[in-house]
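Before any comments, here is the structure.
What you see is a predicted model, and the numbers here were worked out from it, not measured in a lab. Only heavy atoms go into these numbers, but all of them, side chains included; no hydrogens, no water, no symmetry mates.
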Amino acid sequence: MDATYELTHLRALEAEAVHVFREVAATFERPVLLFSAGKDSVLMLHLAVRAFWPAPLPFPVLHIDTGHNFDEVISFRDRVAEELGVRLLVASVQDDIDAGRVVEETGPRASRNRLQTTTLLRAINENSFDAVFGGARRDEEKARAKERVFSFRDEFGRWDPRRQRPELWNIYNGRCRKGEHIRVFPLSNWTELDVWEYVLNENIELPPIYYAHRREVVQRDGMLLAHTRHLTLLDGEEPYEAQVRFRTVGDATCTGCVESTAASPAEVVAEVAATRVSERGATRADDRISESGMEDRKREGYF
Amino acid sequence: MPQLLRLATAGSVDDGKSTLIGRLLYDSKSLFTDHLAAIERGAAPDLALLTDGLRAEREQGITIDVAHRYFATPRRKFIIADTPGHVQYTRNMVTGASTSDLALVLIDARKGVLEQSRRHAFLASLLGIPHLVLCVNKMDLVDWSQERFDEIREEFRQFAMKLDVPDLTFVPISALHGDNIVHRSANMPWYEGTSLLHHLEEVHIASDRNLIDARLPVQYVIRSQGERDFRGYAGSVAGGVFKPGDEVTVLPSGFTTTVRAIWGPGGTELAEAFPPQAVTVQLADELDVARGDVLCRPGNRPHIASDVDAMVCWFSETGTLTPGSRYLVQHTTRSVKAQVSELDYRLDVNTLHRDENAAALTLNEIGRIRLRTHEPLLFDPYKRNRHTGSFILVDEASGHTVAAGMITGAHRPATNVVWHRTSVTREQRATEGATVWITGLSASGKSTIAAELERRLVAEGRPAYLLDGDNLRHGLNSDLGFSSADRAENVRRTGEVARLFADSGVIAIVSLISPYRADRDRVRAAHADAGLPFVEVFVDTPLELCESRDPKGLYARARRGEITGFTGIDDPYEAPSSPDVVLRPAESDPAAMVSEILAFLDR
């Protein structure tokens, strides 16, 4: 570091995220970090662990499990949790289906994406979590561009975009009553490229499906979906093998992959820097519901 | 590696603000094609749809909330806080401006400087944004006229002189056609400046931070047991530079120790820490340090006050700000209860007129208040430090953030108190006054020297009066204890009395431990302002000697823990860095020492 005391943009973003983690740990009773083993949540977990070094992470991590997973991601999830010494909780969408709290969609396009909200809110209630870290970034989607770092949720887990608390400087208002909670987004100001540059610079391990590999895919609605046991084929859909990687990782039934030869973080950085399609635009069927797909799901308590 | 620049934009669709942002994103290749596809459904792309992310915004065709947009060039990463421009969204602009390095204000070249442009510039200066860029847009519609541009620039410059804008830049542009956005425009050869994007890439922001006043508000205490016990104080550096080995004072307790080590996230050992780094500091001594405390340098402390003046912007749609109302103040890492004790004036954001008869502030209004906090705040004026000078007010019942505040300083008596000059000048008085300030540890021998000095002066026929610290605590200062804030107040009051005595022609002799350098320096400054002599006498008796003498038995009681905050035992004594006279009672006698003081006084 030279005498002008300048930080690179990645160090500035890191400092901002670390500040947020510490603020939550100091002012909330029961925080939890949402961890899907997707790249953003892996990055978020690494930053959280770094914020409290050398002490252990002062809160658990929670996976909302749709049951429609990529096997590589689940084994990665368990290994990372163990290596970083964090306590992993799993709340399962299947439990809510079995208990009749939600009804599973039917048909070949059925997705458990929307059902996750019920499971998430149940886990928050059962554990009395008052601060819930999410890995959402503002550059992902236009409703998220309006999101606060500390985002209030009422007792039904609802987001009210018209009544958001103004957020100034680095002062965060986390006041909430019992039953209400705050969603906290430490990665708010990171872009997809920032995430990958940090992964590259800091040598952070991600699930292998983020890098180019060969797998069976099907074309659907202009996206490439992985042909897994969770996907029901439509008439006329022919699986074929392709060289692909995933840009986002969510429910296996609605997360698409992209054709890619990028097999290392450096190659992915180069690819992301050159791409002109947003990561959710390329790969997320769940965002294509309507113009307000994300806003509406967020209002209900979605991630 | 690129650096981060945060900028705020304000304006409505009419100004071409959204077109400008769309243009910056598009021309810097930061706009994704699917995002663009979503807005290209009409005949021409409506770039405003890019920034209006909420259903209500699209339905009403207005920007309501702050939207964050991101774009990058090889030199810098940019975060745009895009805010609506109408007066009813002042709070959104204040919010977006709070963290910005630079503000873009748009003017329609056809319309010139409007009320709205002035308001945006004022808010940018109020929020302490160091760089203001005025984009004169739609130059294509005024035939690329240099004359028109110069006219607008002059008018705006006249207005900006009333504001605190350190760096003001003007760029003539056409956002629609891309002139002077990324590349210099061929349509305006008369313009000698750089394109907007080039300016954003080059503007120097590194020295905007306060790198002088070292401040670390403690956010969280990190403790771990294991192979080695660890106790570190985590926080984000709010000012200045900290290095291992630095002497630091913990406020409000006032203990001084040294920095043992500084750690970055994940345990990277740092040779220095500066804003906005988030670090963990280990101290050499085991001290009681908690969230809300501030680490600083012993000779450079933040202000400590529980009565502050501040500019506030009121955010609440439901309530108003009125004198007497109570809130929670969130300031650095402290959260304290407070009461608005006065509303000094409401500021008209368009005309800058101050309405001193205003009874309340309503949504989006800005005014100056006096705030009384239950516990003192450790702050710097906002103009000096945006991190330690800012706060929010939270309504305890609803949990809402109802105001943003910028501290202007500790409360001073209102400006409508005028100074009455008397007809007697200092030269007409029989004698010339001065203050002799004797500082040192308890039982160092101050009182003996002070008493002898008073005796000698009076014997010589010179008016002199001893102000003894212990004696003043029976009357003038009987309401004060021994916290660092009370000690500061004790010194301030005694200094004020001494100054009055000196002004009246008397030699005021102050015998007071006055342990903190900054407090004494303020008294010296007050004397300098009034043109009065001030002699700082340091009675340099070693702590062991003071403790062995212990005439009042206080050291023994402090050692037994019966008294806390005792100077020299568990509260620091900061020796003067350049005293006028140094006396060592162990090596001299009172008469000789008094002669030394008199020699300095009469020199």
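- Note on ring orientation: taking the six-membered ring where Trp is involved, the planes of B:W263 and A:W53 are tilted (angle from 30° to 60°).
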Derivation of the ring-ring contact (aromatic ring centres under 6.0 Å, His included) call for A:F21 and B:Y220:
CA-CA 10 Å; A:F21 285 118; B:Y220 187 77; over 10 Å; no

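- With a 4.5 angstrom heavy-atom cutoff, A:Y172 touches chain B only via backbone atoms.
- Between A:E167 and B:R91 there is no salt bridge, since none of the side-chain N atoms of the basic residue sits less than 4.0 Å from a carboxylate O of the acidic one.
- For A:E83, the CD atom counts as densely surrounded, since its 6.0 Å shell holds more than 12 non-hydrogen atoms of other residues, nucleotides or ligands.
- Using a 4.0 Å cut-off between a side-chain N of Lys or Arg and a carboxylate O of Asp or Glu, B:E317 and A:R162 do not qualify as a salt bridge.
- For chain B, the nearby part of A:A51 is the backbone; its heavy atoms alone come within less than 4.5 Å.
- Residue contact with chain B, scored on non-hydrogen atoms closer than 4.5 Å, is absent for A:E180.
- Residue contact with chain B, scored on non-hydrogen atoms closer than 4.5 Å, involves the side chain of A:E197 exclusively.
- Contacts of A:E23 with chain B are made by both backbone and side-chain atoms, with heavy-atom separations under 4.5 Å.
- In summary, the side chains of A:R163 and B:H400 do present a donor paired with an acceptor at a separation below 3.5 Å, with no hydrogens or angles considered.
- Heavy atoms closer than 4.5 Å to chain B are found nowhere in A:L47, neither backbone nor side chain.
- Within the 4.5 angstrom heavy-atom criterion, no atom of B:R231 approaches chain A.
- Between the side chain of A:R175 and the main chain of B:T401, no donor-acceptor pair closer than 3.5 Å is present.
- One side chain, B:T280 or A:R22, offers a donor N or O that lies under 3.5 Å from an acceptor on the other.
- There is no contact between B:Q225 and chain A, counting heavy-atom distances below 4.5 Å.
- Interface remark: B:I222 contributes side-chain atoms only to the contact with chain A (heavy atom separation under 4.5 Å).
- Contact annotation for B:R209: only side-chain heavy atoms (C-beta onward) come within less than 4.5 Å of a heavy atom of chain A.
- In terms of heavy-atom pairs under 4.5 Å with chain B, the best-connected choice from A:N189, A:T27, A:L13 is A:N189.
- The number of heavy-atom neighbours closer than 6.0 Å to NZ of B:K243, taken from other residues, nucleotides and ligands shown, is above 12.
- Ranked by heavy-atom pairs under 4.5 Å with chain A, the list B:G267, B:S236, B:S100 is led by B:G267.
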